[in-house]
Amino acid sequence: MEGLSPEEWTAVRLSLKVAFVAMTASLVPGVAIAFLLERGRFWGRQALDVLVHLPLVLPPVVVGWFLLIGFGRRGPIGAFLDEHFGIVFSFRWTGAALACAIMGFPLLVRAIRLSIAAVDRRLEDAAGTLGAHPVWVFGVVTLPLILPGIIAGMVLSFAKAMGEFGATITFVSSIPGETQTIPSAIYAYTQVPGGEGGAMRLTLVSIVISIGALWLSEWLARRVRRKVHA
Amino acid sequence: MEGLSPEEWTAVRLSLKVAFVAMTASLVPGVAIAFLLERGRFWGRQALDVLVHLPLVLPPVVVGWFLLIGFGRRGPIGAFLDEHFGIVFSFRWTGAALACAIMGFPLLVRAIRLSIAAVDRRLEDAAGTLGAHPVWVFGVVTLPLILPGIIAGMVLSFAKAMGEFGATITFVSSIPGETQTIPSAIYAYTQVPGGEGGAMRLTLVSIVISIGALWLSEWLARRVRRKVHA
Amino acid sequence: QTGDALVFAAASLKNALDEASGAWTRDTGKRAVVSYAASNALAKQIEAGAPADLFFSADLEWMDFVASKGLIKPESRISLLGNSLVLIAPKGSAMQVDLKPGLDLAPVLGGSRLAMGHADAVPAGKYGKAALEHLGAWAGVKDRIAQTENVRAALLLVSRGEAPLGIVYKTDAVSDPNVTIVATFPEGSHPPIVYPVALTKDSSKPQAASFLDYLSSDKAKPFFEKQGFTVLSKARPGS
Amino acid sequence: MILDVDIRHRQGGFALDACFQSDGRLTALFGPSGSGKTTIVNAVSGLVRPDHGRIAVQGRVLVDTKNDIVVPKHKRRIGYVFQEGRLFPHLDVRYNLLFGRWFTPRGERKASFDHVVDLLGIAHLLDRRPSTLSGGEKQRVAIGRALLADPHLLLMDEPLASLDEARKAEIYPYIERLRDEGGVPIVLVSHSVAEIARLATSVVVLSEGQVIASGPAAEVLRHTGFFAQSGLTEAGALIEARVSRHDEAYDLTVLQARAGTLSVPSLLHPVGTSLRVCLRARDIILSLKAPEGMSALNVLPGLISSIDIGEGASVDVQLDCGGDPVVARVTRKSVEELGLRPGVAVHAIIKSIAFDPEALGVTGGENM
Amino acid sequence: MILDVDIRHRQGGFALDACFQSDGRLTALFGPSGSGKTTIVNAVSGLVRPDHGRIAVQGRVLVDTKNDIVVPKHKRRIGYVFQEGRLFPHLDVRYNLLFGRWFTPRGERKASFDHVVDLLGIAHLLDRRPSTLSGGEKQRVAIGRALLADPHLLLMDEPLASLDEARKAEIYPYIERLRDEGGVPIVLVSHSVAEIARLATSVVVLSEGQVIASGPAAEVLRHTGFFAQSGLTEAGALIEARVSRHDEAYDLTVLQARAGTLSVPSLLHPVGTSLRVCLRARDIILSLKAPEGMSALNVLPGLISSIDIGEGASVDVQLDCGGDPVVARVTRKSVEELGLRPGVAVHAIIKSIAFDPEALGVTGGENM
Ligand SMILES: Nc1ncnc2c1ncn2[C@@H]1O[C@H](COP(=O)(O)OP(=O)(O)OP(=O)(O)O)[C@@H](O)[C@H]1O
Ligand SMILES: Nc1ncnc2c1ncn2[C@@H]1O[C@H](COP(=O)(O)OP(=O)(O)OP(=O)(O)O)[C@@H](O)[C@H]1O
Ligand SMILES: [Mg+2]
Ligand SMILES: [Mg+2]
């Protein structure tokens with residue numbers, strides 16, 4: 001098997017960037033929404049829960065289609081963001097990151113929710129009696145205790161972003177150097193007779209990256225676990 | 001919006017069947033592998049971990065393609081299973097269930113792993129001193145304690161199966177009444193002029209089903225949690 | 001269902017085939033079950049032993065692929081439908097483009113993108129690339145195209161106003177009220193757009209052959225033409 | 001009033017209906033398992049929101065359900081030593097100890113880290129994680145954590161139950177100092193009457209969610225009947241005494257009370273220090289004549305003021321020894337044989353050795 | 001030999017090096033916090049695998065690192081009452097209690113559910129989840145769970161620390177019966193010398209991971225020095241006595257020991273029952289003459305056999321009272337003033353009231 005072409009390298013670099021940004025950007029909202037869903041008792045909680053799960057339930061193409069309608073240049077949210085903040089998603093790598101973040105969001109949120117549910121609330125109470133405001137309690141007690149869940153959620157989000165294709169290509173199409181991630185490149189290979197070699201090459205790259213990411217996450221998780229349980 | 005056509009009903013029923021079977025069938029291996037990955041210290045653990053995550057990392061089409069190569073009638077595993085056990089996946093709804101199960105597997109395993117990591121091992125020790133063999137300890141202590149994670153994993157697996165498209169259509173095509181699930185039907189609608197109505201209709205059905213599934217899971221989780229924490 | 005003909009057809013044929021097979025069932029009482037997916041996926045599935053009786057591809061390439069593996073009955077192969085390629089813009093666009101050699105689309109696009117199917121993967125994309133190359137415009141827009149997973153997505157991009165121009169089939173363009181056809185690519189600018197259909201090698205069901213006959217008959221013609229396809233083959237005597 | 005509690009609360013089948021005031025600087029909550037001690041302490045700390053009622057600490061209203069006042073727990077400045085530790089597993093011992101300090105206004109950080117660590121004997125544990133500590137070590141860290149938050153009220157739920165006597169003996173004087181000098185009022189849940197007798201200035205006795213007795217320690221403890229159900233014989237009189245001299249030859253310290261002089265094993269307190277002395281009813285022998293040739297060094301003459309005949313073999317004889325109330329618990333048989341009755345002059349005999357460290361506490365002078 | 005432990009184990013900076021044998025039916029582990037008690041108990045139960053050494057229970061080798069024998073914990077049939085409860089949160093109290101029973105061979109299910117539930121006073125809790133229990137209630141359920149597994153050895157790690165005296169007084173006799181009748185040897189970790197004095201037949205004293213004393217309870221306890229570091233005055237002599245009659249008029253029971261007769265608050269044991277009586281050194285007054293006109297009912301004449309002068313004010317005077325060893329703890333001053341020295345005849349005076357239930361335990365007759 002030959003090495004990667006410069007175009008493929010571009011796709012690999014872009015995929016890494018997109019996956020990393022998608023993962024990072026969804027972290028804070030992910031934790032916040034996980035917290036709301038797990039602990040909150042508010043009107044519309046159920047609706048929020050469904051909304052978070054939708055990207056999982058709907059075919060990716062449909063998600064991409066909704067994104068296009070909502071976040072496209074002419075979409076209500078897209079137009080608003082463009083006008084007021086100069087944020088443009090359509091045909092940009094940021095759009096790919098948005099699509100990946102949204103597709104990975106249910107996975108991230110679930111992992112964090114599970115960890116939040118496992119937190120011993122008596123410890124949070126104890127922190128409260130020691131004078132910690134609930135925000136601090138969250139920061140210095142809850143957050144460190146749910147780190148394993150956050151790490152797991154990040155792994156899932158990153159992995160999903162590495163493999164996401166349907167929503168991304170529908171939303172921002174496949175522009176080499178801008179939105180053509182590894183999956184889009186693989187897709188192109190699978191669409192031509194005899195393209196298996198190229199597809200396999202990129203698939204292997206994906207696998208290698210995921211090995212690296214998993215290894216990193218396990219290492220982090222071990223460190224965290226040692227901190228908590230040793 | 002009109003009601004669903006008989007064909008669409010067939011797709012809905014099939015999707016439910018496929019998602020349910022995929023979820024149910026992956027439960028036991030999911031728990032076993034989650035346990036191995038979380039607790040085991042064996043050679044090849046890392047490789048198993050990567051393997052479990054692959055369906056997430058790779059574009060669904062590639063997974064479908066691997067399935068076609070491996071589990072197709074002419075594929076090594078497919079041929080073997082057909083010959084010795086009479087199990088046929090290719091172009092059957094069982095194949096759709098297999099594809100969905102595999103695509104949802106990393107999600108299921110992660111959720112269960114997180115729960116296993118949160119189990120207080122001192123309780124398992126206590127059960128051991130009371131005479132329970134490790135297998136029993138797993139059954140009567142660990143398993144009930146990880147139920148929330150199992151439920152979360154099942155939700156994810158089911159939801160993923162409801163939305164899975166790329167791997168399924170690549171592996172078993174989209175044969176009405178046999179392998180045409182809701183997402184494949186939606187896809188077909190999006191490929192022709194005037195199909196938006198049909199696509200929206202089925203999308204709504206998907207959303208309704210996921211609301212039902214989420215509601216059910218929350219109800220179960222509440223019961224379990226009440227059992228454990230009340 | 002075992003007696004029913006199983007048709008593997010490109011997804012873009014859904015509307016026409018649904019109507020045609022419905023009419024056929026009404027006429028004859030026999031049934032055809034159609035699995036719609038991308039042509040390449042269907043071709044690979046046939047390679048992997050899919051129980052399909054009929055393969056209706058959206059381009060020649062994948063039919064040739066299947067044929068080269070000896071998986072179809074060559075004598076049954078017909079190039080049934082044709083389509084043409086058009087340049088579209090969002091409705092109300094005042095854009096004027098003359099599709100003749102020496103074309104330069106870059107200034108027309110401004111800072112924006114030309115939407116079309118994936119130039120190496122999607123049939124419409126491949127035809128579009130060939131046409132633009134033929135007109136000498138490819139080099140100028142190569143870096144400005146937004147390649148989509150299928151031609152419908154390219155249509156959607158233009159229809160939503162994300163892209164000011166797009167290249168799609170005429171069949172798609174006419175059906176969408178939000179786009180206008182700016183120009184039609186000349187016939188000779190790209191390889192002929194052909195939808196071939198053939199019986200698979202393993203097909204033994206008489207219904208399959210009769211459905212193929214029906215599709216190539218005059219009776220089926222209106223269903224295809226209604227969707228904007230041109231029916232290429234001479235009508236055969238009805239079944 | 002330091003502590004003013006009047007709450008009603010339901011928890012499953014358990015109903016708490018507790019009303020008591022205490023102006024003691026150390027209020028002991030005493031009662032059998034499941035009587036609602038932890039529930040009260042939780043309500044004071046803000047972990048449980050009582051269904052109805054009012055809680056005020058040093059005049060500050062923390063809860064008043066009528067007026068919809070519920071001060072959030074992090075604003076109460078209450079140090080809580082939990083019955084089950086609750087150390088933060090992700091922080092090492094040092095940061096567990098310092099946790100409350102982060103949230104204490106700089107000017108109010110009075111407790112000295114080094115001193116508390118020393119006192120609790122946990123200096124060698126500072127870099128360890130809670131999961132590697134033994135049961136008693138965990139409990140000590142939990143005490144330190146609450147102390148170092150410089151609370152305005154300290155709640156201790158059986159803090160010393162898992163500690164050995166030597167460690168307790170080291171911690172008691174510190175708690176006394178906190179109580180007397182630091183101005184930090186303390187609520188102590190304890191099963192040990194000896195502990196209560198030594199430390200408490202007020203006692204609240206609970207039973208099945210109800211307060212069955214409350215008041216100054218000296219008074220509540222004198223009525224050994226409250227503790228009868230506990231099978232205890234630790235109750236007795238609390239009297240005040242002053243260190244009058246140290247007898248270094250015999251390692252004894254001589255105390256002066258109104259009742260007379262008491263020799264006890266030597267104390268480190270300087271001459272003049274006020275002490276509270278617990279004269280346990282079970283340790284006192286009554287004699288009609290002044291004894292001779294006996295090893296017991298302390299003989300307090302007094303008059304019988306009353307005799308409480310209870311059930312069983314024992315009888316509490318209340319004496320007035322020069323103004324100090326003294327209770328002796330003797331058998332009914334002795335009462336009859338010796339002809340004890342109110343007005344009879346007797347001698348109360350107490351061994352010096354009976355005054356173990358648990359029976360002697362320092363007092364601020366007006367703690368009883 | 002019931003228990004034969006010889007292990008070395010490292011845990012972080014803590015090194016355990018414990019070697020002791022015990023053929024006592026109830027072996028008490030005593031030592032300050034962090035001295036390694038829980039670690040030993042964990043090693044016996046199989047939760048900790050010692051680095052080196054050997055553990056045998058009633059002749060059955062559970063661990064022998066030299067021969068690579070490590071019996072898995074579920075095969076040891078050891079009932080363990082943990083220091084921290086460890087109830088199963090997903091099971092209600094009833095199923096927590098019955099947990100061990102599922103894994104006990106049918107023929108060996110001897111403990112009666114109703115009886116244990118009654119004894120521990122947890123009948124009203126059976127349908128509750130552990131998270132709704134109070135601290136003491138949890139501990140009682142944990143005790144019940146271990147008992148109902150019908151273990152071959154019972155390990156109890158400070159099981160009674162969070163229980164009130166009344167409850168303890170109810171549980172003590174049961175533990176005694178287990179020890180004497182059930183044939184279930186017990187290892188009890190306790191900080192309370194009173195508890196040990198009442199229950200233990202053998203005592204192992206630990207300090208910083210080392211065994212500093214071990215042997216029959218009567219012997220170890222007589223040397224109050226081991227407990228000096230614990231600031232304790234509960235130690236004393238254990239003697240055997242027999243119920244000789246009940247004096248119903250005064251609610252007293254008269255016991256006959258070799259040392260003489262003892263009147264104690266009435267007991268329910270029938271005449272003839274063997275008892276172990278703890279004569280706490282701190283409760284005994286020595287008198288040169290037989291006392292008169294005094295409320296103390298018990299006077300045991302004896303000869304001073306030796307005098308252990310320790311540090312501080314107190315001195316342990318060892319007596320021989322008709323063959324029973326008795327220890328009195330008095331001040332050095334009294335020793336000098338009364339001219340006490342070996343060979344002198346004295347009277348040991350003890351109040352009846354001093355014999356609270358903790359000081360009196362039933363014995364199988366050869367438990368000391
Ligand atoms: N994982 C560990 N790492 C380092 N030290 C440990 C670890 N586990 C226990 N220790 C130390 O071992 C010593 C003995 O612990 P152990 O639990 O046996 O004490 P203990 O006698 O039961 O004390 P306590 O009465 O307080 O429960 C303690 O000093 C403890 O800090
Ligand atoms: N969630 C609950 N549901 C039902 N009953 C409860 C709940 N929480 C506590 N209780 C009951 O309330 C009573 C009082 O509990 P509390 O913890 O205050 O007792 P306590 O006096 O601290 O006892 P201990 O000395 O055993 O710790 C107990 O009988 C307990 O069973
Ligand atoms: Mg409590
Ligand atoms: Mg311990």
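Sequence lines set the chain letters: A, B, ... in the order given, protein chains first and strands last, and positions in each chain run from 1. Side-chain atoms are counted along with the backbone in the values below, which use heavy atoms only and exclude waters and symmetry mates. Since this is a predicted model, take the numbers as computed values, not measurements.
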Checklist entry - Is it true that atom OH of D/Y95 has more than 12 heavy atoms of other residues, nucleotides or ligands lying nearer than 6.0 Å? => result no
Checklist entry - Taking everything shown except D/R49 itself, do over 12 heavy atoms lie less than 6.0 Å from its CZ? => result no
Checklist entry - Can you list the residues that meet the ring pair (Phe, Tyr, Trp, His ring centres under 6.0 Å) rule with A/W93, with sequence neighbours excluded? => result none
Next on the checklist: Looking at A/F20, I want to see if its CZ is surrounded by more than 12 non-hydrogen atoms of other residues, nucleotides or ligands under 6.0 Å.
Outcome noted: no
Checklist outcome for this item: Checked A/D120, A/L147, A/L123 vs chain D; the most non-hydrogen pairs under 4.5 Å come from A/L123
Checklist outcome for this item: When the 4.5 angstrom heavy-atom criterion is applied to D/R128 and chain A, the contacting part is neither
Item to check | Heavy-atom closest contact (A/G131 atom, D/F103 atom, distance) | outcome: O-CB, 3.4 Å
Next on the checklist: A quick test of your reading: do over 12 heavy atoms of other residues, nucleotides or ligands sit less than 6.0 Å from CH2 of A/W9?
Outcome noted: no
Checklist entry - Does any non-hydrogen side-chain atom of A/D125 lie less than 4.5 Å from one of D/F82? => result no
Checklist entry - What part of D/L87 gets closer than 4.5 Å to chain A, counting heavy atoms only: side chain, backbone, both or neither? => result backbone
Item to check | Per-residue contacts, residues 79-86 of chain A versus chain D, heavy atoms under 4.5 Å | outcome: none
Next on the checklist: Is D/L47 in contact with chain A via its backbone, its side chain, both, or neither, using a 4.5 Å heavy-atom distance?
Outcome noted: side chain
Item to check | chain D contact via A/V137 - which portion, at a heavy-atom distance below 4.5 Å | outcome: neither
Checklist entry - Got a second to check how far D/R86's CZ is from A/E124's CD, nearest 0.5 Å? => result 11.0 Å
Item to check | Sequence-distant partners of D/H74, ring pair (Phe, Tyr, Trp, His ring centres under 6.0 Å), two or more places apart | outcome: A/H133
Item to check | D/P89 vs A/L145 side-chain heavy atoms within contact, under 4.5 Å | outcome: yes
Item to check | CZ (A/R41) with more than 12 external heavy atoms under 6.0 Å | outcome: yes
Next on the checklist: Any non-hydrogen side-chain atom of D/F88 less than 4.5 Å from a side-chain atom of A/L130?
Outcome noted: yes
Checklist entry - With A/F158, which residues qualify under ring pair (Phe, Tyr, Trp, His ring centres under 6.0 Å), at least two apart? => result none
